[in-house]
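The structure under discussion appears below in the form of structure tokens.
The figures that follow rest on heavy atoms only: side chains count, while hydrogens, waters and symmetry mates do not. Here is how names work: the chains are called A, B, and so on, in the same order as the sequence lines, proteins then strands, and each is numbered from 1.
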Protein chains: 2
Amino acid sequence: MGRRERKKAATRRALADAALRLFLDRGFDRVSVRDIAEAADVSTTTVFKHFPSKEALLFDQDSDREAALIAVVRDRPEGVSVPRALREHTLRVHSDGAGDPGMARFIELTESTPALREYGRRMWMRHETALAAAIAEATGAPEDDPGCAALAHFALETVGFARGRADARQAIEAAFALLEHGWPAAG
Amino acid sequence: MGRRERKKAATRRALADAALRLFLDRGFDRVSVRDIAEAADVSTTTVFKHFPSKEALLFDQDSDREAALIAVVRDRPEGVSVPRALREHTLRVHSDGAGDPGMARFIELTESTPALREYGRRMWMRHETALAAAIAEATGAPEDDPGCAALAHFALETVGFARGRADARQAIEAAFALLEHGWPAAG
DNA sequence: ATAGAAAAGTTGAGTCGTTGCACTTTTTTA
DNA sequence: TAAAAAAGTGCAACGACTCAACTTTTCTAT
């Protein structure tokens, strides 16, 4: 890795670190991009050469959540249905977030700021097509089967549904119960 | 209704009309709020006294879609399940949109502009709690039952799922099939 | 009827996110 | 080693939106 790429990565990390620190300190809306640029000692224009938007400064470490989702579907134990495997994974990730205090602060920041909520949702929903393809392959359906796409969409959307609800765990379980067994025949 | 409120309503309509005309003509991103203000012969700050954002200029005639949703759940014929009633309603609204050419242009505008897609989704999802309450009442569940909330969320989200897909009708049907009967036991 | 409260509109200056253009620096290639 | 390509940086600017101060219009209470 050349000197150039090293410097680039350094300023990138400096920007993301400064942004996280300032956002946690003052709140997203009370920090301007100019503040972040100054804290990292670059010009505001440079910020946007590294990140496409102000929100993106916070969602830098995205990476391999998509791979985890696909693995969950493909490597589920015998006799475990796809929605059940996704339910376990969602609940696991959810309680992991509550464990780490740094992660908890991050989550509280994103959920209390509308712009970040929206952005986070969009980033999360980007995995829909990949997850749909994984489900289709796991069940032998055609790759663009709309039923698989619907399950992928709703399973991902579950975290958006649980967000802001009093009992998030219960919400996730209720949502997946609906996806697994359907609406009770009575109503 | 006094002269004052009449004038206020008049400038409001003038702004919304000018905005719709200019947006359809040039596209959302190629029209500035200044342009709209000038076309309606008011100052740009006045625009924001009437509408909270540029996007809101387009979604003015929201009104009674929520009432329609609730009526669909409450007044469904005997023996028709809630998700089935919502499915019929969704499909009906969808094909209505394709019929009216003015509505078709409106839909094409909103779907081709990311900012408008997001805004439209948010407006639509605002009906979630009201719909959840209607479902709870129709089925005798407690008002904040998470299962009812989940069905409301997913049923509304169906239009976001179908958006941008090749066969929207098929997507809506697949999504509601999942909500009605659950994921097939095999996978 | 008239004074005064309240609301609508205007204006102008300003903030903030974001982009285009010009410039410098670094890396690659001939 | 010179030239070209690429990447980084910064200034100025645009567009959405806000704030504060002020004018004009409408409503209300005496």
Side-chain angles (χ1 to χ4, degrees), chain A residues 1-20 22-23 25-60 109-110 113-120 122-123, chain B residues 1-20 22-23 25-60 109-110 113-120 122-123:
Chain A
M1 183 194 269
R3 176 176 297 122
R4 188 188 200 131
E5 293 181 2
R6 238 180 302 135
K7 280 198 167 184
K8 185 175 179 177
T11 56
R12 184 192 179 83
R13 186 160 36 245
L15 282 168
D17 289 355
L20 177 61
L22 290 172
F23 288 159
D25 197 35
R26 283 189 243 163
F28 184 76
D29 298 320
R30 311 195 73 83
V31 176
S32 76
V33 177
R34 288 166 173 85
D35 294 338
I36 299 166
E38 258 182 52
D41 200 41
V42 296
S43 81
T44 62
T45 323
T46 302
V47 177
F48 291 102
K49 293 281 160 123
H50 288 269
F51 299 91
S53 70
K54 184 185 178 186
E55 291 85 9
L57 282 159
L58 205 57
F59 290 83
D60 200 19
L109 174 65
T110 64
T113 311
L116 292 176
R117 256 203 314 261
E118 277 302 324
Y119 190 85
R122 271 178 50 193
M123 290 294 105
Chain B
M1 183 197 267
R3 174 175 300 121
R4 186 185 204 138
E5 293 181 3
R6 238 180 302 135
K7 280 198 169 186
K8 185 175 180 178
T11 54
R12 184 190 178 85
R13 186 159 38 245
L15 282 168
D17 289 355
L20 177 61
L22 290 172
F23 288 159
D25 198 34
R26 283 189 244 162
F28 185 76
D29 299 320
R30 310 195 74 84
V31 176
S32 75
V33 177
R34 277 182 127 100
D35 295 338
I36 299 166
E38 259 180 49
D41 200 40
V42 297
S43 79
T44 61
T45 43
T46 302
V47 176
F48 292 103
K49 289 269 160 80
H50 288 269
F51 299 91
S53 70
K54 185 185 178 185
E55 291 86 9
L57 282 158
L58 204 57
F59 290 83
D60 199 20
L109 175 64
T110 63
T113 311
L116 292 176
R117 255 202 314 260
E118 277 301 325
Y119 191 86
R122 271 178 52 193
M123 290 295 104

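- For Asp35(B), the salt bridge (charged side-chain N to carboxylate O under 4.0 Å, His left out) partners two or more places apart in sequence, or in a different chain, are Arg26(B).
- Below the 3.5 angstrom threshold, one finds no donor paired with an acceptor across the side chain of Ser53(B) and the base of dC17(D).
- A straight line from CG of Leu57(A) to P of dC16(C) spans 16 Å, rounded to a whole angstrom.
- Residue His50(B) places at least one side-chain N or O closer than 4.0 Å to OP1 or OP2 of dG9(C).
- Distances shown here put every side-chain N or O of Lys49(B) at or beyond 4.0 Å from the OP1 or OP2 atom of dA8(C).
- Between Glu118(B) atom CD and dA16(D) atom C1' the separation is 18 Å, expressed in whole Å.
- Taking atom CZ of Arg26(B) as the reference point, atom P of dG15(D) lies 11 Å away to the nearest angstrom.
- Among all heavy-atom pairs drawn from Ala56(A) and Tyr119(A), the shortest one is CB-OH, 3.3 Å.
- The nearest whole Å value for the distance from the CZ atom in Phe48(B) to the P atom in dA8(C) is 18 Å.
- Rounding to whole angstrom units, CG of residue Leu116(A) and C1' of dG17(C) are separated by 14 Å.
- If you measure from atom CZ of Arg30(A) to atom C1' of dT18(D), you get 14 Å, rounded to the nearest angstrom.
- Within the 4.5 Å cutoff, side-chain heavy atoms of Arg122(B) are placed close to those of Glu118(A).
- The CD1 atom of Ile36(A) sits 16 Å away from the P atom of dT9(D) (whole-angstrom rounding).
- Residue Val42(A) is the one, among Val42(A) and Lys54(B), whose nearest nucleotide of DNA chain D lies closer to the 5' end (criterion: closest heavy atom).
- Contacts between residues 10-19 of chain A and DNA chain C, defined by a heavy-atom separation under 4.0 Å, are absent.
- Nearest-nucleotide mapping onto DNA chain C: of Val31(A) and Thr46(B), the residue sitting toward the 5' end is Thr46(B).
- Base engagement by Thr45(A) is indicated by at least one non-hydrogen atom pair under 4.0 Å involving a base atom.
- Val47(A) has its side chain within reach of Leu57(A): a pair of non-hydrogen atoms, C-beta onward, lies under 4.5 Å apart.
- Regarding Phe51(B), its CZ atom lies at a distance of 14 Å from the P atom of dA8(C), rounded to whole Å.
- Annotation for Ala39(B) and Leu22(B): closest pair CB-CD1, 4.2 Å, computed over non-hydrogen atoms.
- Applying the 4.0 Å criterion to OP1 and OP2 of dG8(D), one finds that Ser43(A) has every side-chain N and O outside that range.
- Under a 3.5 Å cut-off, the side chain of Thr11(A) and the backbone N or O of Lys8(A) do form a donor-acceptor pair.
- Under 3.5 Å, the side chain of Arg34(B) and the base of dG15(D) form no donor-acceptor pair of N or O atoms.
- Only one option out of Thr110(A), Leu116(A), Thr113(A), Leu58(A) pairs with Phe23(A) in a side chain to side chain contact (heavy atoms under 4.5 Å, CB included); it is Leu58(A).
- Side-chain to base pairing of Lys7(B) with dT25(D): no donor and acceptor N or O lie closer than 3.5 Å to each other.
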